[in-house]
Participant: 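The following block contains the structure, expressed as C-alpha cells.
Here the structure is a predicted model, which means the values were calculated and not measured.
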Amino acid sequence: MEKASNLESKMYVLDTNVLLHEPLAYLSFQEHNVVIPMTVLEELDHIKDRKHDVSRDARVAIRGLDEVLKNATPEQMLQGVALPSNKKAKSSSAGTLIIVNDHLFADSISGLPGNENDHRIINCAVYLQKQHSDSKVILVTKDINMRLKAKGAGLKYVEDYRTDQLIDDINLLTSGYKKVEGDFWEHVGQCNTEQHGRDTFHHVPKNLIPDVFCNEYLLDESNHFAARVKSFDDKHITIKDISVERLMHHHAWGVKPKNIYQGMALDALLDTSIELVILTGPAGCGKTLLALACALELVIEKGIYDKVLVTRNTPEIAESIGFLPGTEEEKMAPWLAAITDTLEVLHKGDENPISSRNYIMEKANVQFKSVNFMRGRSIQNAVVILDESQNLTASQLKTIITRCGEGTKLICTGNLAQIDSNYLTPVTSGLTYIVERFKNFEGSATINLNGVVRSRLASFAEENL
C-alpha cells in the first residue's frame with residue numbers, strides 16, 4: 001500500500017463521457033498510459049449515428065483513435081501505442097494508448113453485475129489495478145454515480161476530467177468589476193491625466209490593482225467614483241473616468257439603469273469599440289431586457305448596425321412538445337418567447353403593444369435563428385444576442401463567435417444557476433469558458449448583474465429557494 005501511494009507510473013482508464021466531453025482527451029495525460037476499454041468503443045459506435053450534437057463528438061473521438069492506432073498490430077494495441085505529443089502538455093515525453101478487451105474479465109473481479117456498460121468499465125479498472133500493482137490505476141469519468149460505484153467496488157483512485165476547466169469553483173469566476181476599499185483617489189495620490197474629446201483618462205500605478213484586465217470596471221465606497229480599465233502595462237493602468245453619475249444616466253430605448261451594475265452593462269453595451277459583451281447574473285436581473293434595449297437603440301436610433309439577430313440553444317426542461325410547424329423563425333418562437341415578452345415590456349406604454357412589437361421587429365430587422373444552423377455563416381454589421389448561453393459548450397460558443405464578421409457586436413447572456421443541459425455544470429459551461437478566456441481581450445467586457453430587479457417576489461425567490 002505504501003509503495004502504491006508513491007508511484008510515478010500512472011494508468012488512466014477513460015470512460016465514454018470523457019471522450020464525448022472532449023474527443024481528444026486521451027492526449028491530455030502527458031507521459032502516462034491511457035486505457036480505452038472495448039466497452040467504450042462500443043458505446044461510441046452506438047452514439048455516432050444518432051441525430052444529436054454529441055454524435056459529432058463521438059465521430060471525432062473515433063477518427064482520432066483510428067489515427068493513432070491505424071498502423072498498430074493487435075499485439076501493439078495491447079502493449080501500448082505511442083501517443084502523438086500534445087502541444088498543451090507540459091511534459092515533452094508522450095504516453096501510450098492501450099485498447100483492452102474488458103469482455104474477457106470475469107464479473108466477480110469487481111462484484112458488480114456485468115449487464116451494464118458502466119460496470120464493465122469499472123470491472124476493467126479493478127482488474128488492471130490487481131494486475132499492475134506497480135502502477136497507479138485511475139478511472140476518469142464525469143459520471144458522479146459511477147465514481148461512487150467504482151470506489152465501492154474497490155478502486156482506489158477515481159477522478160473527474162478537469163483538464164478543460166479554467167476555474168475550480170464558480171465563485172472564482174470574474175465578475176467584470178472590482179470594488180476598491182475607501183476612496184479611490186486617496187490611494188492614488190498624484191497621477192497623469194489626459195483629455196481626449198469628452199473622455200478623461202488617468203494613468204495610475206499598477207500596484208493599486210495588481211490583477212486587473214481590459215474593460216474591467218472599478219468602483220469605490222464613495223459611490224461617486226467609477227472607471228473602466230482602458231489598458232495596462234507592468235507599471236501603470238490607464239483608466240477611463242466615467243463616474244457613477246454618468247453611468248446611472250445611460251439610457252437605451254427608454255430603459256434606464258436601476259442599479260450600478262445595470263449602469264456598467266449599459267456602458268459596455270452602447271460602446272461600439274467593445275465587440276463582445278457577456279452578461280451574467282441571476283434570473284430577473286435584467287440581462288435580456290438591457291441586451292434587447294441596447295440592440296434596438298444601436299440599430300434603429302443610432303443606425304450603427306443593420307439588424308438584430310437573436311439565437312439560443314434549445315434544451316428542453318420538460319417533455320418534448322413535438323414537431324413544431326412553420327418556418328425556422330416560427331419554430332424558434334416558443335424558445336425565444338423571452339425576447340418577444342421583453343419587446344412587449346419595452347412598449348407596454350403604447351396604445352397597442354403587440355402592434356408596436358411587430359412594427360419594431362420589422363423595422364429593426366429582428367431575426368430568430370437556431371444555433372444548429374449557425375455553422376458556416378458569416379454575420380456582418382449586426383447585433384447578435386445569444387440568450388441562455390449557459391446551456392452551450394465551449395465548442396458551440398466558438399462556432400457562434402467565429403461567425404461574427406466585421407462590424408458585428410455579440411451579446412451573450414446567461415445564468416449559471418439555471419443550466420438545463422445534462423452534460424454541463426457551472427464550471428464546464430461554455431459561458432464560464434468564454435468569460436475566463438476573453439477577460440484579457442481588449443474588445444470584450446463582462447458584467448455580473450448583481451441584484452434581482454424583476455419584482456419583489458422574484459428577488460425573494462432568488463435569495464431563499
Participant: Test of understanding: with side-chain contact (heavy atoms from CB on, under 4.5 Å), list the residues that count as partners of Ala283, not counting sequence neighbours.
Facilitator: Asn415, Gln418, Arg454, Glu462
Participant: Is a side-chain donor or acceptor of Asp306 paired with a backbone partner of Ala382 at a separation under 3.5 angstrom?
Facilitator: no
Participant: Heavy atoms only: give me the nearest Val140-Tyr12 pair and the separation to one decimal.
Facilitator: CG2-CD2, 3.5 Å
Participant: Work out which heavy atom in Leu298 is nearest to a heavy atom in Leu270; give both atom names and the distance.
Facilitator: CD2-O, 4.2 Å
Participant: Could you tell me the separation between the OG1 atom of Thr413 and the CD1 atom of Ile447, rounded to the nearest 0.5 Å?
Facilitator: 12.5 Å
Participant: Hey, is the main chain of Pro426 close enough, under 3.5 Å, to the side chain of Thr432 for a donor-acceptor pair?
Facilitator: yes
Participant: Is there side-chain contact between Leu269 and Leu279, with at least one heavy-atom pair below 4.5 Å?
Facilitator: yes
Participant: Under a 3.5 Å distance rule, please check whether Lys235 uses its side chain to pair with a backbone N or O of Lys206 as donor and acceptor.
Facilitator: no
Participant: For Lys287 versus Pro282, what's the shortest heavy-atom pair and its separation?
Facilitator: NZ-O, 3.1 Å
Participant: Can you sort out the partners of Glu116 under side-chain hydrogen bond (donor to acceptor under 3.5 Å, both in side chains), two or more places apart, ordered by chain and number?
Facilitator: none
Participant: Please report the C-alpha distance between Val308 and Ile385 in whole Å, then the side-chain angles of each, then the deciding distance to 0.1 Å, and finally whether the side chain to side chain contact (heavy atoms under 4.5 Å, CB included) criterion is met.
Facilitator: CA-CA 7 Å; Val308 180; Ile385 299 175; 4.1 Å; yes
Participant: Would you indicate whether the side-chain heavy atoms of Asp102 and Asn123 approach each other to under 4.5 Å?
Facilitator: no
Participant: Output the distance between atom CG (Asn71) and atom CG (Asp66), rounded to the nearest 0.5 Å.
Facilitator: 9.5 Å
Participant: If you round to the nearest 0.5 Å, how far is NZ of Lys302 from OG1 of Thr272?
Facilitator: 8.5 Å
Participant: Indicate whether any N or O donor in one side chain lies under 3.5 Å from an N or O acceptor in the other, for Thr288 and Asp387.
Facilitator: yes
Participant: Do side-chain atoms of Lys156 reach the backbone of Gln129 as a donor and acceptor pair under 3.5 angstrom?
Facilitator: no
Participant: Considering only heavy atoms from C-beta outward, does the side chain of Leu14 approach that of Val40 to under 4.5 Å?
Facilitator: no
Participant: Atom CD of residue position Glu442 - does it have more than 12 heavy atoms of other residues, nucleotides or ligands inside 6.0 Å?
Facilitator: no
Participant: Report the relative orientation of the aromatic rings in His21 and Tyr161; use parallel for angles under 30°, tilted for 30 to 60°, perpendicular for over 60°.
Facilitator: perpendicular
Participant: Can you see whether Glu436 engages Thr174 through a side-chain donor-acceptor pair at a distance of less than 3.5 angstrom?
Facilitator: yes
Participant: What's the spacing between Leu392 CG and Lys398 NZ if we round to 0.5 Å?
Facilitator: 15.0 Å
Participant: For Tyr26 and Gly64, indicate whether the former's side chain and the latter's backbone hold a donor-acceptor pair under 3.5 Å.
Facilitator: yes
Participant: What's the shortest heavy-atom distance between Tyr177 and Asn450, and which atoms?
Facilitator: OH-ND2, 3.0 Å
Participant: I'd like to know whether Ile36 forms a side chain to side chain contact (heavy atoms under 4.5 Å, CB included) with Leu19, so could you lay out the CA-CA distance, the side-chain angles of the two residues, the decisive distance to 0.1 Å, and finally the verdict.
Facilitator: CA-CA 10 Å; Ile36 307 287; Leu19 295 174; 4.1 Å; yes
Participant: Would one find more than 12 heavy atoms of other residues, nucleotides or ligands at under 6.0 Å from atom CG of Leu104?
Facilitator: yes
Participant: For the side chain of Arg228 and the backbone of Lys240, is there at least one donor-acceptor N/O pair under 3.5 Å apart?
Facilitator: no
Participant: Roughly how far apart are Asp233 CG and His203 NE2, rounded to 0.5 Å?
Facilitator: 10.0 Å
Participant: Quick one about His32 and Lys136 (side-chain donor to acceptor, distance below 3.5 Å, no hydrogens or angles considered), yes or no?
Facilitator: no
Participant: Please step through side chain to side chain contact (heavy atoms under 4.5 Å, CB included) for the pair Asp271 and Asp267, ending with a clear verdict.
Facilitator: CA-CA 6 Å; Asp271 190 337; Asp267 182 68; 5.5 Å; no
Participant: How many angstroms lie between OG1 in Thr446 and CZ in Phe213, if you round to the nearest 0.5 Å?
Facilitator: 6.5 Å
Participant: Would you check if the side chain of Ser133 reaches a backbone N or O of Lys130 as a donor-acceptor pair within less than 3.5 Å?
Facilitator: no
Participant: Ignoring hydrogens and angles, tell me if any N or O in the side chain of His119 forms a donor-acceptor pair with the backbone of Pro113 under 3.5 Å.
Facilitator: yes
Participant: Could you tell me whether Lys178 atom NZ has more than 12 heavy atoms of other residues or ligands within 6.0 Å of it?
Facilitator: yes
Participant: Is it the case that Arg120 and Asn117 place a side-chain donor and acceptor less than 3.5 Å from each other?
Facilitator: yes
Participant: Is Gln380 atom CD crowded by more than 12 heavy atoms from other residues, nucleotides or ligands, each under 6.0 Å away?
Facilitator: yes
Participant: Ile304 and Asn381: which non-hydrogen atoms are nearest, and at how many Å?
Facilitator: O-OD1, 3.6 Å
Participant: Under 3.5 Å, is there a donor-acceptor pair linking the side chains of Thr141 and Asp143?
Facilitator: no
Participant: Can you tell me if Asp57 uses its side chain to pair, donor with acceptor, with the backbone of Pro23 under 3.5 Å?
Facilitator: no
Participant: May I ask you to decide if Val137's main-chain N or O and Ser135's side chain share a donor-acceptor pair within less than 3.5 Å?
Facilitator: no
Participant: Do Ser110 and Tyr127 have side chains that get closer than 4.5 Å, going by heavy atoms?
Facilitator: no
Participant: Taking all non-hydrogen atoms of both residues into account, name the closest pair between Ala445 and Asn215 and its distance.
Facilitator: CB-CB, 4.0 Å
Participant: Would Leu208 and Val180 count as a side chain to side chain contact (heavy atoms under 4.5 Å, CB included) if you check the C-alpha gap in whole Å, the side-chain angles of each, and the deciding distance to 0.1 Å?
Facilitator: CA-CA 9 Å; Leu208 275 176; Val180 180; over 6 Å; no
Participant: Is it true that the NZ or CZ of Lys409 lies under 6.0 Å from the centre of Tyr305's six-membered ring and within 45 degrees of the ring axis?
Facilitator: no
